[in-house]
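Remember, it's 1-based here, ligands and their atoms both numbered in the order they're listed. Predicted model, so just to flag it, every value in this text is computed and none were measured.
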Amino acid sequence: MGKYDRINIYKRFAVMGGTFDPIHYGHLVTAEAVRDNFKLQKVLFMPTKNPPHKMHRLTTDSYHRYLMTVLATITNPYFEVSRLEIEREGITYTVDTIRELRQIHGEDAEIFFITGADAILEILTWHNVDELLEMCEFVAATRPGFYDNDMNKKLEEIKSKYNKEIHRIEVPSLAISSTDIRNRIKNNKTIRYLLPESVEYYIRKYNLYIE
Ligand code: NAP
């Protein structure tokens, strides 16, 4: 069986990129809102490998983050979880992921890339940014009230340099954050209703985030 044999082909879909350490309702609500707004066939959640730009904090093993993402998305038929990045050898760049997805789904596929606005605002420093901005549409997700003058200036800079608009989406439930969930676990505080129950069970079962 070939590497891509089990993959369905889509012509209009989004990639939801993130560490998902752990995945929570903010991520799920964001993905569903973007799917609905842009009338997408699917959202492919793409947990990162242990990312190169995050050397200051050890991320939880990608095996756990992948499985928690599968558990969290299981009830939504429009959501899938991809192992492309966690299985790729070496450093992973988004541009490689989008290239690989184009190879699988065809050059005519319309691809959106959703992630946190703080990450997207750094896009000018990403690997092969010009190719990347040509290959897909970017959706910057934030909680409401995130954009100030500096943020707007950055978006203007991207637009004037690459003639490319970054779509924005404001999602109130993005007030939930993975960092806060990890801290709550460490401090013995409740995480109920911040993420799916199945993910909470998984975290407790494997004693994740306790130190
Ligand atoms: P991150 O550390 O996981 O998240 C940065 C911020 O965005 C956090 O506030 C996070 O909140 C939020 N966030 C993350 N994923 C989100 C999502 N899908 N929807 C809404 N909010 C989200 O993210 P990261 O590691 O910087 O990277 C995000 C994506 O950008 C990844 O797919 C990564 O591979 C890509 N990236 C690529 C390059 C490159 O190609 N050179 C460089 C940087 C990032 P939570 O903590 O609550 O999740």
Side-chain angles (χ1 to χ4, degrees), residues 13-35 37-38 40 43-60 62 65-66 68-69 72-73 79-88 90-101 111-147 151 154 158 166-185 191 194-196 199 203 209:
F13 63 94
V15 176
M16 177 80 171
T19 316
F20 305 127
D21 195 13
I23 190 162
H24 54 67
Y25 280 128
H27 300 128
L28 296 168
V29 170
T30 303
E32 180 65 4
V34 175
R35 180 195 70 74
N37 283 358
F38 292 98
L40 305 174
V43 178
L44 302 186
F45 284 70
M46 186 72 66
T48 57
K49 264 171 64 162
N50 293 348
H53 59 287
K54 243 195 226 150
M55 294 311 186
H56 59 282
R57 183 180 83 78
L58 269 184
T59 45
T60 307
S62 58
R65 292 185 288 107
Y66 167 77
M68 289 189 282
T69 308
T73 54
F79 290 174
E80 279 182 15
V81 188
S82 171
R83 299 177 55 84
L84 281 191
E85 289 197 356
I86 58 180
E87 283 180 356
R88 190 179 302 135
I91 293 176
T92 286
Y93 295 112
T94 300
V95 71
D96 299 326
T97 304
I98 304 295
R99 277 192 203 129
E100 194 170 354
L101 287 168
I111 306 180
F112 291 71
F113 187 85
I114 317 163
T115 195
D118 3 10
I120 290 191
L121 287 169
E122 297 302 318
I123 200 168
L124 296 178
T125 67
W126 290 17
H127 196 57
N128 285 357
V129 59
D130 18 6
E131 183 186 351
L132 189 56
L133 283 166
E134 263 181 33
M135 281 197 298
C136 60
E137 295 294 315
F138 280 83
V139 184
T142 58
R143 64 193 179 282
F146 174 87
Y147 287 98
M151 306 291 176
K154 273 201 178 176
I158 298 167
I166 305 284
H167 307 278
R168 303 176 194 192
I169 180 163
E170 296 195 337
V171 183
S173 46
L174 273 179
I176 302 173
S177 88
S178 302
T179 307
D180 177 53
I181 291 174
R182 292 192 303 269
N183 286 335
R184 281 172 170 275
I185 295 168
I191 56 167
L194 300 177
L195 35 61
V199 177
I203 290 171
Y209 312 119

So if I count the atoms of ligand 1 from 1 in the order they appear, which ones are less than 4.0 Å from some heavy atom of [X]?
X      : result
Thr48  : 31 (C), 32 (O), 33 (C), 34 (O)
Ser177 : 47 (O)
Met16  : 17 (C), 18 (N), 19 (N)
Gly18  : 15 (N), 31 (C), 32 (O)
Thr94  : 34 (O), 35 (C), 36 (N), 37 (C), 40 (O)
His127 : 41 (N)

Assess the side chains of [X] and [Y]: does a donor N or O sit below 3.5 Å from an acceptor N or O?
X     : Y      : answer
Thr60 : Arg182 : no
Thr48 : Glu85  : no
Asp21 : Tyr209 : yes

Close N or O approach (Gly17, ligand 1; < 3.5 Å):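 Yes, since at least one N or O of Gly17 sits under 3.5 Å from an N or O of ligand 1.
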Heavy-atom donor-acceptor pair, Arg83 side chain to Tyr66 backbone, under 3.5 Å: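 Pair absent, no side-chain N/O of Arg83 close to backbone of Tyr66.
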Check: Glu170 main-chain N/O paired with Arg143 side-chain donor or acceptor under 3.5 Å: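 Looks like no, no N/O pair under 3.5 Å.
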Taking non-hydrogen atoms only, is [X] closer than 4.0 angstrom to ligand 1 via side chain, backbone, both or neither?
X      : value
His27  : side chain
Thr19  : both
His24  : side chain
Thr115 : both
Ser178 : both

Leu101 and Leu44, any side-chain heavy atoms less than 4.5 Å apart: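 SC-SC contact between Leu44 and Leu101 confirmed.
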Any Phe45 side-chain heavy atom under 4.5 Å of Phe20 side chain: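 Result yes, sub-4.5 Å side-chain heavy-atom pair found.
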4.0 Å heavy-atom contact, Met46 with ligand 1: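 In this structure, Met46 fails to qualify as a contact of ligand 1 - no heavy atom is under 4.0 Å.
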Heavy atom of Phe113, distance to ligand 1 below 4.0 Å: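 It does; at least one heavy atom falls under 4.0 Å.
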Aromatic ring proximity, centroids under 6.0 angstrom, Phe112 and Phe138: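 Between Phe138 and Phe112, the centre distance exceeds or equals 6.0 Å.
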Salt bridge flag under 4.0 Å for residues Glu87 and Lys49: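 Salt bridge flag = no for Lys49 with Glu87.
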